[in-house]
Amino acid sequence: VHRRHVVEDVALLDEHLAHPFDVILADLRMPGLSAEELYARLRQRNEGLEDRLIFITGDAESPDAARLLEEAGVPVVLKPFELAEIAQII
């Protein structure tokens, strides 16, 4: 797993239209782009990529996080976690 700036990762999504991603793991708290913005951009693409999203967080209880997680309806993995949890979701 490579760590890049979130904006770079979203640009990767835009670049690889012909090669869709199987899974997108994203933390709720990311530098440069909020999880809400990422989710909105994925939905805007109208390719179903938002359905491949798994959010990772240590703070699912905050009102903003809870609202986004409810709206998105995608799987959530709480920190700390084991890789087996993500594998099971996938």
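Only this structure's heavy atoms are used, side chains among them; waters, hydrogens and symmetry mates stay out.
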message: So if I apply the side chain to side chain contact (heavy atoms under 4.5 Å, CB included) rule between Phe55 and each of Leu25, Leu78, Leu68, which one comes out positive?
response: Leu68

- prompt: Shared ILVMFWY cluster between Tyr39 and Val23, side chains joined below 4.5 angstrom?
  reply: no

Euclidean distance, Arg43 CZ relative to Asp51 CG, rounded to 0.5 Å: 9.5 Å

message: Quick check for you: to the nearest 0.5 Å, what is the distance between Ile24 atom CD1 and Leu38 atom CG?
response: 7.0 Å

message: Rounded at 0.5 Å granularity, tell me how far CZ in Arg29 sits from OG1 in Thr57.
response: 6.5 Å

task: Could you tell me whether the side chain of Val74 reaches within less than 4.5 Å of the side chain of Ile54, counting heavy atoms only?
output: no

query: Between Ile56 and Val76, is there a shared hydrophobic cluster once you connect ILVMFWY residues whose side-chain heavy atoms come closer than 4.5 Å?
result: no

- prompt: Are Leu49 and Ile86 linked, directly or through other ILVMFWY residues, by side chains that come within less than 4.5 angstrom of each other?
  reply: no

message: If I compare all heavy atoms of Leu53 with all of Pro75, which pair ends up nearest, and what's the gap?
response: O-CD, 3.5 Å

- prompt: So which pairs with a foot in residues 69-90 pass side chain to side chain donor-acceptor pair (under 3.5 Å), sequence neighbours left out?
  reply: Asp27-Lys79

field: Test: Arg67 and Glu36 ion pair at under 4.0 Å
entry: yes

query: How long is the span from the CG atom in Leu28 to the OG atom in Ser62, to the nearest 0.5 Å?
result: 7.5 Å

